[in-house]
Number of protein chains: 2
Amino acid sequence: MSPRTPRSSDDAALESGQRRATINDIARLSGVSKKTVSRVINRSPSVRPETREKIDAVIAKYGYAPDPQARGLAFRRSFLIGLIYDNPNPQYVVNMQLGLLDGMRGSGYELVVHPCDRGSTTLVPDIRAFIERQKLFGVVLTPSVSEDEGVAEMLRETGCEYVRVASLAVDTAEHMIVTMDRHGGMLAGKRLAELGHRRLGFVSGPATFRSSHERREGFEEGLKAHGAILAPEFVAEGAYTFESGLAAASRLLAMTPRPTAIFAGNDEMAAGVLHAARKAGLSVPEDLSVIGFDDFQIASRVWPPLTTIRAPTREVGRLAAERLIGSLGDEALDPRSRQTTLVERESTAPPKG
Amino acid sequence: MSPRTPRSSDDAALESGQRRATINDIARLSGVSKKTVSRVINRSPSVRPETREKIDAVIAKYGYAPDPQARGLAFRRSFLIGLIYDNPNPQYVVNMQLGLLDGMRGSGYELVVHPCDRGSTTLVPDIRAFIERQKLFGVVLTPSVSEDEGVAEMLRETGCEYVRVASLAVDTAEHMIVTMDRHGGMLAGKRLAELGHRRLGFVSGPATFRSSHERREGFEEGLKAHGAILAPEFVAEGAYTFESGLAAASRLLAMTPRPTAIFAGNDEMAAGVLHAARKAGLSVPEDLSVIGFDDFQIASRVWPPLTTIRAPTREVGRLAAERLIGSLGDEALDPRSRQTTLVERESTAPPKG
DNA sequence: ATCGCGACAGACACCGGTGTCAATCCGGAC
DNA sequence: GTCCGGATTGACACCGGTGTCTGTCGCGAT
């Protein structure tokens, strides 16, 4: 190899696609300095249009894309977005991931997943270490860890961008995507009251999830609007799991008189309610109406197929990602994009008699 | 600020944790060159033990951890591992992710998720772009994209490390984690034959998944060992989805005579079989036994709770990650770590009469 | 014709690590 | 005491980008 030929001029490898183009290649092939190429990449205004076009053409010809690592090193941050979650429901997690990827598509960011345990004593330092080591551009938090103020405070300290998905505005608007749990609960209450139910049961999620309270309060609102109420003794706390829903419903159904309808805080617990009803010898919806929440796959797999509240998890994920990377306009103000809706299947009917 | 004090000596910020330590800080504070610190980080053997200890102490004192971006830039690769998948089942995806994270814990790698569509005409270039842009250390592929030879060939070209999770050894051992689908199918066949079933139905996954064939062939083996056979007319192809299972089972149950037991290729389709049975007026397990595959949550949510084959997806994920980063020893040779097992619930019984 | 100024472009250092190669250190052989 | 070779260590360039600052250019004002 001729020593006169600098390594960076090894254009044969470039042409054949053996070697990815770097900013130095683009600069040399465009006849400008690398700094000018950098300006073009970063859309700096002070580049003459003809220069920009010339460079853009070379970039396009060689399919050049800047190296995220090198860029990140200079920027002192990465182009990674972390999803920090502790919700154990697989479908929630996957839908959220898909939504985030929807919102990130074409932005040059990548999604790094980071499950955590809110009960851990090292929760905050663990997340902090994750963020600082990777110099994350930003993170999205979902319930219930999104409702943790200790974590939020740490995030503000680090200066890492963040968006919290929660059912209540627990932070400033630019850091929030608010889900419509209260509205969903209201739809459930309204529907059951309309059907004529007056002895209503509620299987709540764990008190550590804000959504548990929102769904319940919405439920009560919906009932009240149609002249029904939720008696405190007909409220049983579960943990958003099948087993907890089964146990809670068993308690409710053992009471006399028992509720004629039960609203469960999510579909998993609603499935538990169905099992409890079966064990109690009750048929659904004849003896007991059941409404769930989420409209995950399980809702249509159980028998009878569950009437439930559809929560647009994937859309919420997309909004969260767009808010994080700054591409979200006024859409977030329009609740239609994250509306909850009632999906009526076969687990609801008027009460007997 | 005194110009005599170089910026790198701003130890106040370091002590207070305002600034993360860099390799230069560690070098200065240890009284060695950064290259020697680099040697310690990378476990180079040619460092005198006392030097190593001195540096290790400083590293520990300041909680130093090398910057993955800078390291990656110099190494010409990142410390990211991609999960490339096209399996739409949320629980499979989440279990696989959890397993991968299990295997990666403490290794310094992070997991980047990348769903894809095997039907896309740009599948290979899309994945290639993902790998090259991020300079991924390695990727894990799961079915069915793990069975795509075009993708595998591209991976070999790029030099990116990779591990394929599949139900058949479609690559050399160092690139494979083989799941025991055939064995699981065998367990199902064996059990149904033992119960006395002789007219057996099979709802297959899509032909594009190797596991569909493996599970079926295993099923036939298990039957044969106990004197039963799978008649070709009792095989219906589904697509690993609830709806396809429902449709396939409806066809099987409309035949005369109909099968007394059905093995479905996964739990989702088994749930569909249960719905089909109900619509046909058959009760499970009295009129029809059903076995699923996976033992995902849905198996215990449906009614009756499904007898199924437990597949250790999370463990398989852990093995895949360990193989990728090279921390997997002989464990992979021991099938116990990825054994499939029969989980007997209430959807199976001897045939009537 | 000269001056001043904003627009544009480039030189150079730096982000935080690693590779290469030369320099230094050390104990044992002569 | 001197020489030698392997073990340690350090100086310096480089990975592929960006920040800062300086220099050049073209144009209208004087």
Side-chain angles (χ1 to χ4, degrees), chain A residues 3 6-10 13-14 19-55 59 62-79 108 132-135 137, chain B residues 3 6-10 13-14 19-55 59 62-79 108 132-135 137:
Chain A
R7 186 186 169 293
S8 62
S9 295
D10 185 3
L14 240 193
R19 188 167 66 81
R20 271 171 61 87
T22 73
I23 198 172
N24 293 302
D25 297 317
I26 302 302
R28 182 168 36 77
L29 294 164
S30 311
V32 301
S33 75
K34 61 195 282 197
K35 181 64 214 185
T36 300
V37 177
S38 171
R39 289 194 177 94
V40 170
I41 295 169
N42 291 289
R43 290 175 178 62
S44 158
S46 59
V47 176
R48 212 185 319 164
E50 48 209 292
T51 309
R52 177 184 307 278
E53 280 164 29
K54 184 175 60 180
I55 296 174
I59 287 179
Y62 290 90
Y64 167 71
D67 180 329
Q69 287 188 327
R71 221 147 93 96
L73 185 57
F75 275 139
R76 290 171 189 68
R77 67 177 184 82
S78 73
F79 293 87
E132 295 192 337
R133 270 185 59 89
Q134 301 298 327
K135 299 207 301 267
F137 163 70
Chain B
R7 186 185 171 293
S8 63
S9 294
D10 184 3
L14 240 192
R19 188 166 66 81
R20 271 172 61 86
T22 72
I23 198 171
N24 294 301
D25 298 317
I26 302 302
R28 181 167 37 77
L29 294 164
S30 312
V32 299
S33 75
K34 61 195 283 196
K35 181 64 213 185
T36 300
V37 178
S38 171
R39 290 194 177 94
V40 170
I41 295 170
N42 291 290
R43 291 176 176 61
S44 158
S46 60
V47 176
R48 212 184 323 162
E50 48 209 290
T51 310
R52 176 186 308 277
E53 281 164 30
K54 185 175 60 180
I55 296 174
I59 287 179
Y62 291 91
Y64 166 72
D67 181 328
Q69 287 187 327
R71 219 147 93 95
L73 185 57
F75 274 140
R76 290 173 188 69
R77 67 177 184 83
S78 73
F79 294 87
E132 295 191 339
R133 271 186 59 89
Q134 300 298 327
K135 299 207 300 266
F137 164 68

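Numbers restart at 1 for each chain; the letters A, B, ... are given by sequence-line order, proteins then strands.
Using a 4.0 Å cut-off, no side-chain N or O of Ser38(A) falls inside it from OP1 or OP2 of dG17(D). Neither OP1 nor OP2 of dT8(D) sits under 4.0 Å from any side-chain N or O of Thr36(B). At the phosphate of dT9(D), neither OP1 nor OP2 sits under 4.0 Å from any side-chain N or O atom of Ser33(B). Note on Arg71(A): a side-chain N or O is less than 4.0 Å away from OP1 or OP2 of dT18(D). At the phosphate of dA7(C), neither OP1 nor OP2 sits under 4.0 Å from any side-chain N or O atom of Ser46(A).
In this structure, Lys35(B) places its NZ atom 13 Å from C1' of dG16(C), rounding to the nearest Å. As a whole-Å value, the separation of Arg43(B) CZ from dT8(D) C1' is 19 Å. As rounded to whole Å, 14 Å separates atom C1' of dC15(C) from atom CZ of Arg77(A). To the nearest angstrom, P of dT8(D) lies 17 Å from CG of Asn42(B). Regarding Arg39(A), its CZ atom lies at a distance of 10 Å from the C1' atom of dT18(D), rounded to whole Å. One can place NZ of Lys54(A) at 11 Å from C1' of dA9(C), the figure rounded to the nearest angstrom. Taking atom NZ of residue Lys34(A) and atom C1' of nucleotide dC14(D), one finds them 10 Å apart after rounding to whole Å. In this structure, CZ of Phe75(B) is placed 5 Å from P of dT18(C), rounded to the nearest angstrom.
Within the 3.5 Å criterion, the main-chain N or O of Asn24(A) finds a donor-acceptor partner in the side chain of Thr22(A). Side-chain N or O atoms of Arg52(B) include none that pairs as donor or acceptor with a backbone N or O of Arg39(B) at under 3.5 Å. Asn42(A) places no side-chain N or O within donor-acceptor distance of the main-chain N or O of Ser44(A), the cut-off being under 3.5 Å.
By the 4.5 Å heavy-atom criterion applied to side chains, Tyr64(B) and Asp25(B) are not counted as neighbours.
The side chain of Leu73(A) has dC15(C) as its nearest neighbour among dT9(D), dA9(C), dC15(C). Candidate nucleotides dG17(C), dA9(C), dT20(C) were compared by shortest atom distance to the side chain of Arg48(A), and dA9(C) ranks first.
Taking the nucleotide of DNA chain D with the nearest heavy atom to each of Val32(B) and Ala70(A), the more 5' of the two is matched to Val32(B). Each of Gly31(B) and Lys135(B) lies near DNA chain D, and the nucleotide nearest Gly31(B) is the one positioned closer to the 5' end.
Here Asp67(A) pairs with Lys135(B) in a salt bridge; the nearest charged N to carboxylate O distance falls below 4.0 Å.
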